[in-house]
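Throughout, protein chains are lettered first and strands after them, A, B, ... in sequence-line order, and every chain is numbered starting at 1.
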Amino acid sequence: MSFVEKMSLSWLIVLAAIVAVRGFTDSDPGPGAAAATPLGGDRFKIEGRAIVPGVKAQDWVSTARVLVDGEDYVGFLRTDGGFSVNDVPSGSYVVEVVTPSYRFEPVRVDITSKGKMRARMVNYIKTSEVIRQPYPLQIRSSGPHSYFMKRETWGWTDFLMNPMVMMMVLPLLIIVLLPKVVNTNDPEMRKEMEQSMNMLNPNPELPDVSELMTKLFSGSKGSSKASSSKGTRPAVKRR
Amino acid sequence: MAKLILLLLKCILLCGTVYAVFEDQVGKFDWRQQYVGKVRFCHFDAHMQSSKKVLLATESNVFAALNTRTGEVLWRHVDKTGPEGNIDAFLQNGQDAVLVVGNGRFLRSWETNIGGLNWEAVLDSGSFQSACLIGQQGTVKNVAVLKKTAISLHYLSNGHQKWIENLPDSDTVDYQTVYSGGNSEVYVLGVVPHSHIAIVAFSGDDGEILQQSSVEAPWLSSIPESCQMVDQDLLICVDSTTMSLYTLDLKLQLQLNQIPLQSLELEVDPDFRPSLVSHQPNPAKQPRSEFFLQLAPDHYVLLQFNNGQLVVLRDFKPALLVSFATTGEKTVAAVMSPKNKTASSINLFNAETGRRLLDTTLIFTMDPNGGKPEKLNVQAFLKKDDSVGYRVMVQTKDHTLTFLQQPGRVLWTREEALSDVLTMEMVDLPLTGTQAELEGEFGKKTAIQDGLMSMVFKRLSSQLILLQAWVAHLWKLFYDARKPRSQVKNDISMENLSRDEFNLQKMMVMVTASGKLFGIDSKTGGILWKHYLENIPSNAAFKLMVQRTTAHFPHPPQCTLLIKDKDTGLASLHVFNPIYGKMSHVSPPALPQPILQSLMLPFMDQDYAKVLLLIDDQYKVSAFPSTKYVLQQLQEMASSIFFFLVDSNQGRLSGYRLRTDLSTEQIWEVALPTETQKIVSVKGKKPNEHVHSQGRVMGDRSVLYKYLNPNLLAVVTESTDLHQERSFVGIILIDGVTGRIIHEAVQRKARGPVHVVHSENWVVYEYWSTKSRRNEFSVIELYEGMELYNSTAFSSLDRPLVPQVLQQSYIFPSSISTMEATLTEKGITSRHLLIGLPSGGILSLPKMFLDPRRPEMASEQSREENLIPYAPELMIRTEWFVNYNQTVSRVRGIYTAPSGLESTCLVVAYGLDIYHTRVYPSKQFDVLKDDYDYMLISSVLLALFFATMISKRLAEVKLLNRAWR
């Protein structure tokens, strides 16, 4: 259900985007035809604001820069997190806020030769796809960068949460606890249980697989023992 | 959707196999040094008495604040390179710093406490002349910017323009200076060379021209060079031809008042252009009435205007540098005078009286391997007893900043030359005495002849030495353990410099644009030696070569630096010892002819120095060293020595062969039409690269052999037509010996900058696709096929088969600054590409992702081969950044060197910053992981041991009991 819902939602977004594109004036050159050659024509200003939720702008702006198409145009952040990149000719650019501490998504900004601006999601594969974003840019950080791998640490919880161990421990618990919870002395209960057992085993004539196996292996080793050693070994090895 | 899930799954699978840094490894074997570049403007933060900041604007287009106590960068803003980011002027007002950037294009105000931008204003175009702060009634509210044809005033609070006025007669008058003396008037001074001075006074409130006049001055050509403002709106100029000072009151503007220097009993050194140094401590107030006049390179005079009279306060000779400084109400003059050859003394003088202040001497010791002092920046402060104390930052010619305190204690030094590293090499450190002894035992052939007894004795003695060294090492470990970590780090010096067991510590020899050479210890980043080469042309190209490594004890290691003037082509050689930085006693040959090409031959002379061949513009070859033995060897080998020349102006690649008489003959030539394309770069393979496996085992167990041509060159061309529909990038793989074109590929609708890595049997290059407006990677791999033609040796002259060429391209979501491949000792470890990004990260991208055999659909065989199914987009994961948050600004190059461990590759990224780390492309397979749990394994062992003991005992008891029963 939720999958279908998501699909329809994303479809809606695409539809909205298409409508938005139509709304963009006819002089829009489209991403394929934007004149990228700066012929000394008009220069424009890309404006926006970068926000790190929960962190004051003063604490991080000194390490941040705004890069437009790599280092082609560079802007700096004001003390309130706002920025403007001046002297940009018309064209299509990828605007990125770069700081070593926080992650920002890049945005593509299209500037027409008349200076109309629009911002959209960066999609390098389908370059003509337009998913509008607000302009002036509102770039919100999605959190700090994760640079490090987690060390594999060894703890009792890891050991206990190991599926093998779980598989062993749970049946053990059932075996120990179930007889205490269910009163087996009650004849009615016993009858019920027998019935349910019969349900599981519809043909009593057919040889039980587990029995067969135990017969096979009983000579050398208990099968349960083998599985138990298998269960613990990988956990130990991980250290 | 299914594809997406597949992709996700793949990511999860891959992230396990890929290298990343662990958090506890931070700073363990990596270090970063941040630089700012050669200082152009410097201001001490003076608005607070206790401030610890110095603000620097540099020629590398960097604006930074340094901590004056430690010399560390507090914050730093790196602008675009080139003239667009050039800092023209730097004015300071309280805690705001106003910069004029990009030839007067931008006006920026920075908040210096937190390092954020207050505002940025775009100014009208026009070439920048001058800027100044305008004060009114003691407060500074505006900044004036003078351009060629206009002057504009801006509010300091928000950058908005207050007014802009065109300058009268700007086509004839060259306006050069703007000045304000604390009242609301703004004076603009211009000059018509060798004719007159033009003075325009504007009202600071509305830009109205209050006064306009011109004064005859036929001797004057440039105001900033020969004039200064002093006292009450007084312009003072000096002229060497008439040997006079000229003064002009801007208020009255009658005429220049000539004061012959002879009347002051002063004399200008012949062929010296005298200059003036004045001081305006507060832009809202008048400049000081005292100023310095420089009469000779080492002769300064302190003069004062006293009620319209010029008075000589003090004569300083010899004096190298002078500077004014103000703290509170007191203004002092600092004068640096030479003491002896290696030291200078700095003294403070009262500016008003010229009297020397007591106890203000500071000794500056000059580095014999450094440059001469160039500029003095004085930070004056009031001591508790109201006397003036000071610290001083000395700039020297080799771009070094030294911050000193009385009586000569160096607080810190910064080698800003390292912000501009051009090329570098890593050299193995020499063995210690004990290690050499041990090596000698096995290495020498004479040992066998000595007989058994002496060999046993030798072995025992060397073992004894080893034991001794080990005990000393243990003692040091124990001793160091009690000291804090920061102290332990700094004790690397020349004496205890030796190779470690895995050869992980090396000497980094760095060549900088300023001509200063550095030897840096790769473990700590400490500078072990430096050597400043004077008289280096500003546009020099450098090539650093290691002629002899440290492996040939007792011959010292030897590096040769080829310095070539790019314009004339004339070159010189500097030969030095890379471990100690000393000039070698080997005298390099003089090179009278321009040099076209240099190449290092793999064979050595009798002193184990590799032979360097230099080809001059007459196509004659000279060898260095050129002993008889070398020449004889060259004659024997001449027929197998080939070299190539690239002439990118004419689009010509040509190959030559050496003749026995050391002349050359051309054997091939490839011409590329210069009208359509130009050669951008030519890349060969690294000579020290090893390839472990000759081929790749495929899914069906057959072998695909690699085409491993050591002479292969990758030539990159770019189209001259830059229109986005017609531009292209071409890559030609050409054999450097025969000139045979192996492969040619053209990327249409693409343009540079192209970054290329050429290694093993593959070439990876990156370009900008103008059609899709994205960066793309392309990889070309060459294979011989299913069988090898001649598996014993490769010869370019005998390869009849054309290799199979595979190519694949990918999208890369960022532009890149530079690219290099990892390098390991034997080439067994898988390769990674190290990519410097403009954001400052260094991405370690597995070569596995750039494999033209990546299939579109995964099949059984491709899975067997561990091929990842093709996905168009390569990803940038921050976990793959080898430098985590230690960003490296403007990465210019990445240097990789193998270490003694096969798994480990040493990496140095240089640009504005220098960063060194180790990478493990296939993880650390040959050493225990550094998080190896010794405690756990030993405790388990111990526990088992005790368990067996106890159970044995118990079993015994049980047996005994049973026997008794």
- [ ] Sort A:Arg103 into side chain, backbone, both or neither according to what part of it lies under 4.5 angstrom from a heavy atom of chain B.
- [x]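 Interface part for A:Arg103: neither.
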
Task: A:Lys45 portion near chain B, given a 4.5 angstrom heavy-atom threshold - done: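 Neither part; nothing is under 4.5 Å.
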
Open item on the list: Donor-acceptor check, side chain of B:Lys80 to backbone of A:Tyr73, threshold 3.5 angstrom: yes or no?
Closed with: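 Between the backbone of A:Tyr73 and the side chain of B:Lys80 there is no qualifying donor-acceptor contact (under 3.5 Å).
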
Open item on the list: Keeping A:Thr79 on the side-chain end and B:Asn118 on the backbone end, is there a donor-acceptor pair under 3.5 Å?
Closed with: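 Answer holds: no.
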
[X] and [Y]: which non-hydrogen atoms are nearest, and at how many Å?
X: A:Phe76; Y: B:Trp110; answer: CG-CH2, 3.4 Å
X: B:Ser839; Y: A:Val98; answer: CB-CG1, 3.3 Å
X: A:Thr127; Y: B:Ser772; answer: CG2-O, 3.2 Å
X: B:Trp119; Y: A:Arg78; answer: CA-CD, 4.4 Å

Rounded to the nearest 0.5 Å, what separates atom [atom1] in [X] from atom [atom2] in [Y]?
X: B:Glu873; Y: A:Ile125; atom1: CD; atom2: CD1; answer: 4.5 Å
X: A:Asn86; Y: B:Arg105; atom1: CG; atom2: CZ; answer: 8.0 Å
X: B:Ile811; Y: A:Tyr124; atom1: CD1; atom2: OH; answer: 9.5 Å

Task: Whether A:Tyr147 and B:Tyr884 hold their rings parallel, tilted or perpendicular, with breakpoints at 30° and 60° - done: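 Perpendicular: the ring planes of A:Tyr147 and B:Tyr884 meet at over 60°.
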
Contact class of [X] relative to chain A, heavy atoms under 4.5 angstrom:
X: B:Thr887; value: side chain
X: B:Ser815; value: side chain
X: B:Pro872; value: side chain

Task: Among the listed options B:Arg108, B:Arg76, B:Glu84, B:Glu111, the residue most often paired with chain A at heavy-atom distances under 4.5 Å - done: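 Max contact count across the listed options: B:Arg108.
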
Contact leader toward chain B among [options], where contacts are heavy-atom pairs under 4.5 Å:
options: A:Glu71, A:Arg65, A:His145; result: A:Arg65
options: A:Thr99, A:Leu77, A:Asp87; result: A:Asp87
options: A:Val94, A:Asp80, A:Asp72; result: A:Asp72

TODO: May I ask you to list the residues in residues 54-63 of chain A that approach chain B closer than 4.5 angstrom, counting heavy atoms only, ordered by number?
DONE: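 Those residues of residues 54-63 of chain A which have a heavy atom under 4.5 Å from chain B are A:Gln58, A:Val61, A:Ser62.
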
